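What follows is one structure encoded as structure tokens, with my remarks underneath.
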2 protein chains.
Amino acid sequence: MNKNPKRKMQTRSNLIDSFWLLYKKRHIRDISVRDIVELSGYNRSTFYEYFTDVYDLMDQIELHIIELLKDEMVRNLQDTEDPDIINRMDLFFKKNGEYLSVLLGEKGDPAFAVKLKAAIKPVLMQVLQLPKLDYESQLLFEFSLGGLLSALTYWYSDGMKIDSAEYSKIIKNILSNGSLKIVREMMR
Amino acid sequence: MNKNPKRKMQTRSNLIDSFWLLYKKRHIRDISVRDIVELSGYNRSTFYEYFTDVYDLMDQIELHIIELLKDEMVRNLQDTEDPDIINRMDLFFKKNGEYLSVLLGEKGDPAFAVKLKAAIKPVLMQVLQLPKLDYESQLLFEFSLGGLLSALTYWYSDGMKIDSAEYSKIIKNILSNGSLKIVREMMR
DNA sequence: AATTATTATGCAACACAATGTCGGATATTT
DNA sequence: AAATATCCGACATTGTGTTGCATAATAATT
């Protein structure tokens, strides 16, 4: 294999692109191998040269995004003394926002959020020097990251109606002061 | 139709139960109508008398849970002066925990979290008297509820290793003081 | 440089499984 | 005994995954 790597890369990329075009609109359960190869112009068998099934294709996209995120995180931790995690995450979200918002959204893959959290967890735990085995820090992590991803997905899916700076300010406020305090202030 | 409502209810219930037995272990994409009727002993056609497909069955389960939650919330808002929302949610989670943790979990349905939030949103917004159209309160809601559901799912899926009281204490602490403050305290 | 040998890449066709929809059999209620 | 709700068998269609083969691109040989 791999006699013509360029062509192979191209074919793979075409298949992925066609899938994504469909996935942006439809639920993955309504996307058949037929649909994908029809759109990209290949034979159905060709698909199976590259992926075992439609879900495998999605997994490979997810794996790619996770890799990008890991790289980004490693780079960020090196070149900054104050790791402004929220801003960094926003930035990453803007770059790969379409993929992320679809995969994290209503028609997305719940397993992706789990993978994403698992990738971020060790890095964040290390940066914040949280006690790993402590149940409170586990819950804190789950809560905070779950909240962050929910908010990001909402913001992005809703068309990013406020700008990045304002968004960051709000999220930082929540993280710094806690939801209840802010609610109390709002009620006044 | 409905000449024998008892039988019909029973059949429907049997089909749902068989589905759930499979769904607890497998991903929904790997569950065929065949699998369900084989387990419950019905003909495949019978399935289609009750549901349009496997996903419709899941939707009906989800709808049922959402209804239960709404009822619970309405009842709670009536009989208490201090609506301790977190405790109430835990209680509800314990009652319907298996369904919730599966549907919200890794092999679950991302649309369910969206539906759940949408059901809770109007009630909560009213109780807290938050300004509906304010973008900050939208984000606050998404963040907090996203965080709560993530933490609950983690706690439950992990086998509820700490008891309910302790769990509530931790979550309340996060909600009251904010994640960052707690992290700072932990680092000391 | 031209031609042949090699093999990576893509395809047509096959067997099988799953889907959804009939019309009809059966069993339960009235 | 009559009526009809409930369930089932059989059909056509669509989707899946695999096999062996054609084609086109590279490498080898002269």
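Quick note on labels: first sequence line is chain A, next is B, and so on, each numbered from 1. As the structure is a computational prediction, the values presented were derived from the model and not from experiment.
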Go through it in stages, so that I can follow the logic: the residues are Lys115(B) and Asp59(B), the test is salt bridge (Lys or Arg N to Asp or Glu O under 4.0 Å), and I'd like the CA-CA distance, side-chain angles, deciding distance and then a yes or no. CA-CA 10 Å; Lys115(B) 285 183 213 166; Asp59(B) 282 343; 3.5 Å; yes
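The shortest distance between side-chain heavy atoms of Leu139(B) and Ile162(A) falls below 4.5 Å.
In this structure, Arg12(B) atom CZ and dA5(D) atom P are separated by 19 Å, rounded to whole Å. In this entry the distance linking CE of Met9(B) with P of dA5(D) reads 18 Å, nearest Å. Atom CG of Leu57(B) and atom P of dT19(C) are 13 Å apart (whole Å). Summarising the geometry, the separation between CG on Leu15(A) and C1' on dG10(C) is reported as 11 Å, rounded to the nearest angstrom. Rounded to a whole Å, the OH atom of Tyr55(B) is 14 Å from the P atom of dA18(C). Atom pair Asn14(A):CG and dT9(C):P shows a separation of 15 Å (rounding to whole Å applied). Counting to the nearest Å, the P atom of dG17(D) and the CZ atom of Phe51(A) are 14 Å from each other.
Counted within 6.0 Å of NE2 on His27(A), heavy atoms from surrounding residues, nucleotides or ligands total more than 12; the atom is thus considered enclosed.
Ring planes of Phe51(A) and Phe47(A): tilted class, angle from 30 to 60°.
With respect to Arg75(A) and Glu72(A), a salt bridge is recorded, a charged nitrogen being found less than 4.0 Å from a carboxylate O.
Screening residues 24-52 of chain B for salt bridge (Lys or Arg N to Asp or Glu O under 4.0 Å), with sequence neighbours left out, gives Lys24(B)-Glu98(B), Arg26(B)-Asp35(B).
For residues 41-49 of chain A, proximity to DNA chain D is found at Arg44(A), Ser45(A), Tyr48(A), defined as any non-hydrogen atom under 4.0 angstrom from a strand atom. Sorted by residue number, the members of residues 19-36 of chain A with any non-hydrogen atom under 4.0 Å from DNA chain D read Ser32(A), Val33(A), Arg34(A).
In this structure, Tyr135(B) has its ring center no closer than 6.0 Å to that of Trp155(A).
The two residues Phe141(B) and Ile120(B) have their closest heavy-atom pair at CZ-C, 4.4 Å.
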